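None of these values were measured; they are calculated from a predicted model.
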Amino acid sequence: MEIPKTYSPQSVEGHWYQAWLDRGFFRSRPNPAKEPYTITMPPPNVTGVLHMGHMLNNTIQDVLIRRARMQGKEALWVPGTDHASIATEAKVVAMLKEQGISKRDITREQFLEHAFAWKDKYGGIILEQLKKLGASCDWERTRFTMEPKLTEAVLKVFVDLYQKGHIYRGIRMVNWDPEGRTAIADDEVIAKEMPMKMFYLRYAVVDPKGDEAEYVTVATSRPETIMADVAVCFNPADDRYQWLRGRKLRIPLFDKEIPAIFDDYVAMDFGTGALKVTPAHDLNDYELGLRHGLPVVDVIHEDGTLTEAAGPYAGLDRFVVRKQIAKDLKAADLLDKIDDYQTSVSTSERTGAVIEPKLSLQWFLKMEPFKERALEAVMSDEVKLNPPKFKNMYRTWMENVRDWCISRQLWWGQRIPAYYLEDGRFVVAETDTQALVEARKLTGNPTLQMDQLRQDDDVLDTWFSSWLWPISVFDGFDDPENADIKYYYPTNDLVTAPEILFFWVARMIIAGQEWRGSVPFKNVYLTGIVRDAQGRKMSKSLGNSPDPLDLIAEFGADAVRTGMLFSSPAGNDLLYDQKLVEQGRNFNNKLWNAFRLLRGWEVAPDAPQSAAARLAGEWFGAKLNQAIAQLDADFAEYRLSDALMTVYKLTWDDFCSTYLELIKPPYGAPIDAATLAEASDFLETLLRVLHPFTPFLTEEIWHLLKPRADREYCCVAPWPTPAPTDAAFLTRFDRALDVVQAVRNQRAAKGLSPNLALPLVAKDGAALAGLEPVVQKLANVSTLTVGDAPAGAVPVVAGGTELALVLPEGSFDAEAERARLNKDIEYTRGFLGSVDKKLSNEKFVANAKPEILEAERKKQADALSKIAQLEAQLAAL
RNA sequence: GGGGUGUUAGCUCAGCUGGUUCAGAGCACCUGCCUUACAAGCAGGGGGUCACUGGUUCGAACCCAGUACGCCCCACCA
């Protein structure tokens with residue numbers, strides 16, 4: 001059967017993926033005889049589609065899990081999706097809007113119906129896409145953060161925390177997202193530098209006396225909130241404003257009188273030193289208001305429009321009002337000036353809307369009870385962050401963590417299990433029935449009915465379910481002693497983006513400690529962000545993000561996987577370039593062709609093994625062992641790019657360029673059986689170490705190669721263990737390869753065909769002893785003899801060996817050779833000079849370590865002898 | 001504003017305790033090759049004052065200080 005010249009992934013990937021599934025290779029069940037190795041996938045948004053970030057993240061996880069599986073561990077990768085409360089709700093709202101339905105016009109139940117329909121339609125697409133990448137998850141264990149069991153866990157945890165006194169409800173200044181119409185947590189706020197305007201407004205002084213100024217100029221970036229002002233504040237030490245003590249000012253346009261107050265908070269050197277105080281719409285002002293006993297005037301609705309309190313501006317959006325009010329102020333001559341200035345504006349991580357600080361009634365989780373333990377876990381490396389530079393970030397965050405606002409004014413999510421009585425009191429319980437029991441207890445009224453209880457309308461923050469993920473996927477809340485959780489928890493590695501180190505990783509650590517008494521994972525591998533070749537973030541609007549599925553279709557999953565991994569050290573951003581994927585494809589093709597070469601050879605059963613082939617086998621076996629040891633070291637430090645490069649070079653340079661060239665029989669000649677068997681074994685081992693990176697290709701070749709009967713699938717073949725290597729032999733072999741390269745160099749320089757066999761004469765046979773066949777074969781040397789250089793031969797010095805290459809008649813140019821040798825001599829003398837200088841430095845000789853000193857002396861001796869050699873060659877010409 | 005981190009070849013990055021794995025790898029580039037596994041290839045080759053300045057040391061890409069530029073995280077100056 002003819003094997004095609006190029007590997008075509010499209011025709012094999014689907015087949016092997018199905019075969020793996022059919023065989024249940026990705027399934028895992030607790031097995032006490034084996035060591036567990038577990039990864040829980042960071043659940044992508046249920047309605048999301050695969051992007052390059054997922055590709056990187058999941059490729060890394062698959063490499064880790066596949067290697068663990070081959071190492072004989074009970075490897076489990078749990079997949080799943082996240083309900084992504086605000087993001088999904090926003091999508092559903094948008095979809096309804098297209099259909100002409102407004103969320104406000106439908107009931108919660110109707111909305112949820114639409115939402116579930118949406119989720120059923122688009123949910124899980126992303127998991128199907130991951131299969132194309134080769135992700136070896138146990139799909140039977142796929143979980144969803146809002147499925148009934150996981151919701152139960154969330155409610156249980158809420159009640160538990162409430163009973164422990166860690167959850168409270170209160171009016172606080174929260175970050176309000178007017179687009180999502182919900183509160184969001186501090187971490188979900190992103191500060192963005194934006195050009196802003198600073199307005200200088202005139203606040204008239206009430207009853208100015210004689211020579212007093214008639215107004216005070218106040219700088220603000222938010223003129224739309226002036227009607228909510230309750231005071232103007234000055235620094236108590238500010239001499240410019242002392243006369244205003246006990247006085248009142250008038251809000252421009254509104255003529256409302258407000259007091260002048262004094263507080264250290266105000267900076268004298270910023271703006272005009274006068275601050276308008278708006279407690280309802282600014283956190284600092286709120287605190288200022290508390291200190292001075294000021295009222296709170298709320299003028300902004302949940303959707304960002306102004307309330308009735310705004311008078312003529314009621315009903316308009318805050319940004320519209322900003323412009324309008326500026327115009328009106330100007331018209332009324334109440335505006336001194338407008339300056340441009342740059343400041344950071346808070347925006348919502350999910351919707352991008354500008355955040356309004358807003359007072360509202362929300363649920364909070366205290367962080368104080370958890371922070372110390374969670375900090376300790378990372379600082380002591382109980383949870384190891386990779387790269388470790390993130391430890392500092394984690395520490396800063398944990399030390400300054402504030403209470404977590406866990407309620408969201410949304411419908412898509414887990415509804416807060418708090419039930420209110422008509423008198424405002426409430427009970428917290430996992431179920432309606434339980435709530436009723438509690439409520440009856442609370443009120444002492446045994447006839448209280450369900451319809452007299454009203455459940456809280458809010459849902460919980462998405463992270464309030466995802467922080468339980470490593471436990472809840474094993475039903476560890478439902479049944480804390482079940483076999484799965486006891487076996488798989490704590491998990492081994494978590495692979496995720498640094499952006500959610502606080503949102504998610506830190507909180508999972510807290511949850512693990514709180515409910516399992518131990519951290520949820522041992523290692524956290526933090527990936528970088530995937531950017532384009534110019535370093536820009538991938539984004540839809542830039543159109544610089546390729547569709548991962550198109551890439552897989554064009555180049556194959558293996559090529560994409562290796563392309564992602566070629567240059568992505570942990571914590572570093574990955575500058576994606578299609579060239580990397582092409583490099584991956586080329587590499588796959590190289591391996592494919594190596595297999596084709598082996599497959600194409602005729603076997604001569606009785607032929608003896610050539611000396612070159614025997615040496616090649618001895619050498620490659622050692623290289624292989626060396627590489628496996630290196631790989632294990634790379635993996636131990638999560639240096640996946642380095643690990644890939646190790647196998648890449650092993651395959652391409654060592655196996656293909658050197659080993660296969662050495663064992664290759666003359667054209668048309670058969671190969672001896674022993675060599676072919678050994679070569680097949682080597683290839684088989686190569687496939688095994690490559691499999692985590694390129695699972696499809698290796699599985700394909702594996703089956704074409706038909707290895708041992710007990711190793712039917714590469715996917716579950718054992719990961720090789722390294723044997724000790726003969727370092728001295730490898731060093732000698734390297735020297736022989738240096739000679740080969742030097743000879744080839746001479747050929748290239750002289751324009752001689754590599755097919756023309758030339759005689760080579762070595763001055764001293766010792767250095768190459770035993771390796772002559774290697775040099776002969778690779779350098780295409782006709783005869784390799786020991787003796788003095790014959791006339792007309794080109795001197796070649798390589799690997800400490802002095803040789804001469806006999807050129808064909810007429811191609812020897814004595815003048816050029818002299819020039820070359822002179823240049824070499826000059827360089828070596830310069831080198832010798834620097835060594836001499838060092839050795840004549842008394843302080844160096846006195847202080848340097850003995851082995852360093854010895855090395856320098858050897859350098860000196862070597863240089864001297866090399867110069868002598870070169871001079872002798874020069875004389876001989 | 002505070003903290004962290006980085007700057008090594010055209011690009012992306014290694015370089016562990018200062019000294020023979022000290023100046024490396026992959027890609028790109030240049031020169032030859034359509035050689036019967038592979039042109040998605042083969043052979044050979046050329047690229048770097050290790051950001052800058054000073055210091056410590058017999059010796060610095062590596063340690064220290066400062067400067068410049070970059071990135072990241074945190075932060076309530078209207």
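Within the structure, every side-chain polar atom (N or O) of A:Lys843 is placed at least 4.0 Å from both OP1 and OP2 of B:G59. Close to B:G26, at under 4.0 Å from its OP1 or OP2, lies no side-chain N or O of A:Lys579. Note on A:Tyr265: every side-chain N or O is 4.0 Å or more away from OP1 and OP2 of B:A78. The side chain of A:Asn588 places no N or O atom within less than 4.0 Å of a non-bridging phosphate oxygen (OP1 or OP2) of B:A40. Considering only side-chain N and O atoms, A:Thr343 lies under 4.0 angstrom from the phosphate OP1 or OP2 of B:A78. Using a 4.0 Å cut-off, no side-chain N or O of A:Arg585 falls inside it from OP1 or OP2 of B:A40.
Backbone-only engagement by A:Gln741 is indicated by non-hydrogen atom pairs under 4.0 Å involving sugar-phosphate atoms exclusively. A:Ser753 comes within 4.0 angstrom of nothing in the nucleic acid, heavy atoms only. Within 4.0 Å (heavy atoms only), A:Gly273 reaches at least one base atom of the nucleic acid. Within the 4.0 angstrom heavy-atom criterion, only backbone atoms of the sugar-phosphate kind lie near A:Asn745; the bases stay farther away. The residue A:Cys233 sits apart from the nucleic acid: no heavy atom pair falls under 4.0 Å. At a threshold of 4.0 angstrom between heavy atoms, the contacts of A:Lys276 with the nucleic acid are absent. At the heavy-atom level, A:Tyr341 lies under 4.0 Å from the strands shown only through sugar-phosphate atoms. When heavy atoms are screened at a 4.0 angstrom cut-off, A:Arg639 is found touching the sugar-phosphate backbone but no base atom. Using a 4.0 Å heavy-atom distance criterion, A:Trp652 is classed as a sugar-phosphate-only contact. When heavy atoms are screened at a 4.0 angstrom cut-off, A:Asn392 is found touching the sugar-phosphate backbone but no base atom. Base engagement by A:Leu275 is indicated by at least one non-hydrogen atom pair under 4.0 Å involving a base atom. Note on A:Thr278: nothing from the nucleic acid sits closer than 4.0 angstrom, heavy atoms only. Within 4.0 Å (heavy atoms only), A:Val277 reaches no atom of the nucleic acid at all.
B:G44 and B:U35: their C1' atoms are spaced 15 Å apart (whole Å). A gap of 30 Å separates the P atoms of B:G70 and B:C29, to the nearest Å. Taking atom C1' on both nucleotides, B:G6 is separated from B:C77 by 30 Å, rounded to a whole Å. Across B:C16 and B:G54, the matching P atoms stand 25 Å from one another, rounded to whole Å. Separating the P atom of B:C52 from that of B:G10 is a span of 14 Å, rounded to the nearest Å. Rounded to whole Å, the separation between the C1' atoms of B:U12 and B:A28 comes to 11 Å. Across the P atoms, B:A23 and B:G47 are found 15 Å apart, a figure rounded to whole Å. Rounded to whole Å, the P atom of B:G3 lies 14 Å from the corresponding atom of B:A65.
Base pairing of B:C11 is made with B:G26, judged by Watson-Crick or G-U wobble geometry with both donor-acceptor distances under 3.5 Å. A 3.5 Å limit on both hydrogen-bonding distances identifies B:C74 as the Watson-Crick or G-U partner of B:G1. When both distances must be under 3.5 Å, the Watson-Crick or G-U wobble mate of B:A65 is B:U53. Base-pair partner of B:C33: B:G41 (Watson-Crick or G-U wobble, both distances under 3.5 Å).
For B:A37, its base sits under 3.5 Å from the side chain of A:Glu661 at one donor and acceptor pair at least. Counting atom types as modelled, A:Lys590 pairs a side-chain N or O with a base atom of B:C38 as donor and acceptor under 3.5 Å. Judged by distance alone with a 3.5 Å cut-off, no donor-acceptor contact links the side chain of A:Asn841 to the base of B:C58.
One can place CG of A:Leu752 at 18 Å from P of B:A43, the figure rounded to the nearest angstrom. In this structure, A:Leu575 places its CG atom 13 Å from P of B:C71, rounding to the nearest Å. We find that CD of A:Gln583 is positioned 12 Å from C1' of B:C11, with the value rounded to whole Å. The CG-P distance, from A:Asp269 to B:A78, rounds to 12 Å in whole Å.
Just one of A:Asn284, A:Asp229, A:Thr220 meets the side chain to side chain donor-acceptor pair (under 3.5 Å) condition when paired with A:Thr278; it is A:Asp229.
Distances from the side chain of A:Arg596 to the nucleotides B:A37, B:A78, B:C42 place B:A37 closest. Proximity note for A:Asn572 (side chain, C-beta onward) versus B:A78, B:A43, B:C13: the nearest is B:C13. Considering only the side chain of A:Phe502, B:C73 comes nearest among B:A75, B:C73, B:A14.
A distance-only check finds a donor-acceptor pair linking the side chain of A:Arg561 to the backbone of A:Phe693 [under 3.5 Å].
Taking the six-membered ring for Trp and thresholds of 30 and 60 degrees, A:Tyr7 and A:Trp592 have ring planes inclined between 30 and 60 degrees apart.
Between A:Glu661 and A:Lys664 there is a salt bridge, with a side-chain nitrogen of the basic residue lying less than 4.0 Å from a carboxylate oxygen of the acidic one. With respect to the salt-bridge test (charged N to carboxylate O, under 4.0 angstrom), the residues A:Asp339 and A:Lys337 qualify.
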